[in-house]
Structures are given as structure tokens and as C-alpha cells.
Amino acid sequence: TQSTRPQRLLGAVQKNATRGDPRSVVKAIDEFCRHKEWAMNVGDEKGCILDSVVSELNPATVLELGTYCGYSTVRIASLLPPHAKLITLEFNPDYAKIACQVIAWAGLEDKIQLVEGSSAEWIPKMKEHFGVKMLDLVFMDHWKDDYLPDTKLLEDCGLLRKGSVLLADNVICPGSPDYLKYVRRSPRYKSQYFRSHLEYTKAEDGLEKSVFLG
Ligand SMILES: O=C(NCCO)c1cc(-c2ccc(F)cc2)cc(O)c1O
Ligand SMILES: [Mg+2]
């Protein structure tokens, strides 16, 4: 039977990356996607912007919406302080199965909680189920139409505090125009656009960083 692209991406990690070395996992995926098969990871260019936001924030609790194969999950978790936690939600079971193995190859299982299910179902359960008090950083990289409703859900569930950061991928390509309008207009956010390119291409894309003002 035919393998899927995520399965081939995992194969490239297991072949070319060193177990327990997150940076080599990131590098192996970027090489695979640049030279073999494009895949929708945040990628190396936007990944550097993600790294700088994470490093500057030094978050204790991170929520990632949209795990895919775990590329950004590994990238973020490799920068977290010792007791920090990253919860990542993935709706697609096939993606979740691959991401779990990529995370294991990187040796980051202790920092990452991978949950298979919808953001609409799990965001309201963050506090009771994961003992999350507040979120320091939310990396949004799931279905682009869900960025806005999920942002409102995060607000309504009291998961954002003064200074919490929302970092959204793909605000240009594929785009999330309603989300962009909302965070840029709202007096409750200080928003900033980091211009970049769609992963592994020359097309414009970027990350929007929005600080919740409380
Ligand atoms: O849908 C996306 N993510 C949620 C599903 O897991 C996604 C899509 C694209 C993309 C695809 C097709 C194209 F032609 C251009 C962009 C890129 C991304 O970074 C993404 O995160
Ligand atoms: Mg993306």
C-alpha cells in the first residue's frame, strides 16, 4: 500500500536525524521538504521568527493548535525552560500518529502533551483536564477559519492574561482575514506582523504576533 507524505517525512527523520537531538530533527524535516516533498510545516524561515518569539517570552505554558507532523512542536519545546509544558492539539489522527513518533525521536516526550481532538472540544477543558491556569503563548497553525472563533473561545475560557501572546502562522497564505482584522482592530490586543515567506517557497506569508492586553 502507498505511504503517505507524513509517513515519508517521518522516514526522513528516522534516517537522517539523531535520536534525542531536536535540532537535527528540525534540520532533517526542512531538508526533506526543501529537496524532496513540500509539506506544510512552519519551515526554517518563519521558524526562526517563532524561535525568537519563544526565546524572548520564555513561556511556562504553551498551547499549539495544529500539530501536523510535530515540526513546530519540536522547535518550540526545544527552547522551553526545564519545567515548562507544551500542549499541542491535532484533529487529524493520521497526523497525530506521525507527530507522536517525531516528538519521540527528538526525545521531547516529557515536555509535550499531544492531544488528538478538536480545539473547540479541548480549549474549554484546558483548566480542569490539564491543570492549566493561564497560557503564556498560543501558536496558531490549524484550520485558518478556526483562528478567530478559537481566539474568542480562549478569551471566554479565561485562558489569556495580560501579556499572553498569540502567534499565528499563515496570516497571508492561505490567510485568515477575519482573524487579522479582529486582532489588529481590537483594543484588547497589541498586534505586529512579521513578514516572511510561505514555507520552502518564494510566496509571501507571515506571522502575526498579538499580545493580549487584558
Ligand atoms: O492548512 C494548514 N494547516 C492546518 C492543517 O494542518 C496549512 C496550509 C498551508 C498551505 C497549503 C497549501 C498551499 F498551497 C499553501 C499553504 C500552509 C500552512 O503553513 C498550513 O499550516
Ligand atoms: Mg502553517
Side-chain angles (χ1 to χ4, degrees), residues 4-10 12-13 25-26 28-54 62-79 86-103 112-123 137-151 153-154 165-180 183 191-210:
T4 65
R5 180 167 309 183
Q7 284 169 332
R8 294 192 292 273
L9 182 148
L10 173 63
V13 166
V25 168
V26 167
I29 295 172
D30 282 329
E31 309 249 310
F32 174 77
C33 294
R34 195 171 280 287
H35 303 302
K36 296 285 188 325
E37 297 185 61
W38 186 91
M40 58 182 164
N41 319 114
V42 73
D44 42 356
E45 195 179 312
K46 289 185 287 179
C48 284
I49 300 166
L50 171 62
D51 289 355
S52 60
V53 170
V54 174
V62 182
L63 172 64
E64 175 180 63
L65 301 177
T67 317
Y68 185 44
C69 295
Y71 173 93
S72 48
T73 324
V74 164
R75 224 178 153 126
I76 295 166
S78 70
L79 296 173
L86 190 164
I87 298 166
T88 183
L89 301 186
E90 178 51 60
F91 180 73
N92 181 310
D94 300 320
Y95 296 166
K97 283 183 189 70
I98 297 297
C100 183
Q101 297 173 78
V102 168
I103 289 161
I112 296 163
Q113 178 134 30
L114 170 55
V115 179
E116 189 183 313
S118 79
S119 46
E121 179 198 345
W122 283 99
I123 288 172
L137 171 65
V138 181
F139 180 54
M140 258 180 256
D141 194 20
H142 59 327
W143 289 328
K144 312 313 161 193
D145 294 345
D146 288 353
Y147 283 20
L148 182 52
D150 285 349
T151 297
L153 190 54
L154 287 164
V165 170
L166 305 184
L167 187 66
D169 188 27
N170 311 115
V171 294
I172 302 299
C173 176
S176 55
D178 59 347
Y179 171 79
L180 220 38
V183 287
S191 218
Q192 183 183 2
Y193 177 58
F194 292 84
R195 186 170 187 205
S196 184
H197 296 94
L198 176 67
E199 48 267 27
Y200 319 114
T201 79
K202 291 184 169 32
E204 182 180 349
D205 189 24
L207 301 174
E208 188 82 0
K209 178 189 173 191
S210 307

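Start at 1 and go down the list; that is how both ligands and their atoms are numbered. Everything numeric in this text was worked out from a predicted model, so none of it was measured.
Its N, O or S atom nearest to the Mg ion (ligand 2) is what matters here, and for D169 that atom is OD2. The Mg ion (ligand 2) lies closest to atom OD1 when only the N/O/S atoms of D141 are considered.
Checked by atom type, the side-chain pair D205/S196 shows no donor-acceptor distance below 3.5 Å. Using modelled atom types and a 3.5 Å distance limit, the side chains of D145 and Y179 yield no donor-acceptor pair.
Checked against a 6.0 Å centroid threshold, the rings of H142 and Y147 count as neighbours.
By the 4.5 Å heavy-atom criterion applied to side chains, I172 and Y193 are counted as neighbours. A 4.5 Å side-chain heavy-atom check between R75 and D51 finds at least one atom pair inside the cut-off. The closest side-chain heavy-atom distance from T151 to M140 is below 4.5 Å.
The residue from D205, L198, N92 that puts a heavy atom closest to atom 16 (C) of ligand 1 is L198.
Electrostatic pairing of K144 and D141 counts as a salt bridge here, judged by a charged N lying under 4.0 Å from a carboxylate O.
Protein heavy atoms come within 4.0 Å of atom 19 (O) of ligand 1.
Within the structure, ligand 1 has P174 among the residues with a heavy atom less than 4.0 angstrom away. Under the 4.0 angstrom criterion for non-hydrogen atoms, K144 is in contact with ligand 1. The shortest separation from a heavy atom of Y71 to ligand 1 is not under 4.0 Å, leaving the residue out of contact.
Within the 2.8 Å limit, Y68 places no N, O or S atom next to the Mg ion (ligand 2).
The distance from ligand 1 to the heavy atoms of D169 drops below 4.0 Å at these ligand atoms: 19 (O). Residue contact check: E199 has heavy atoms under 4.0 Å from atoms 17 (C), 18 (C), 19 (O) of ligand 1. Interface atoms of ligand 1 facing H142, defined by a heavy-atom separation under 4.0 Å, are 3 (N), 4 (C). Every atom of ligand 1 with a heavy atom of W38 under 4.0 Å away is listed here by number and element: 10 (C), 11 (C). For ligand 1, the atoms lying closer than 4.0 Å to a non-hydrogen atom of N170 are 17 (C), 18 (C), 19 (O), 20 (C), 21 (O).
Checked options T88, V102, I112; the residue passing with T67 is T88 (criterion: side-chain contact (heavy atoms from CB on, under 4.5 Å)).
The nearest heavy-atom contact from the protein to atom 7 (C) of ligand 1 is M40 SD, 3.5 Å.
Considering backbone and side-chain atoms alike, Y68 places every N or O at 3.5 Å or more from each N or O of ligand 1.
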Y200 and D44: side-chain hydrogen bond (donor to acceptor under 3.5 Å, both in side chains), yes or no, with the steps? CA-CA 8 Å; Y200 319 114; D44 42 356; 5.5 Å; no
I76 and E64: CA distance, side-chain angles, deciding distance, side-chain contact (heavy atoms from CB on, under 4.5 Å) verdict: CA-CA 9 Å; I76 295 166; E64 175 180 63; 4.2 Å; yes
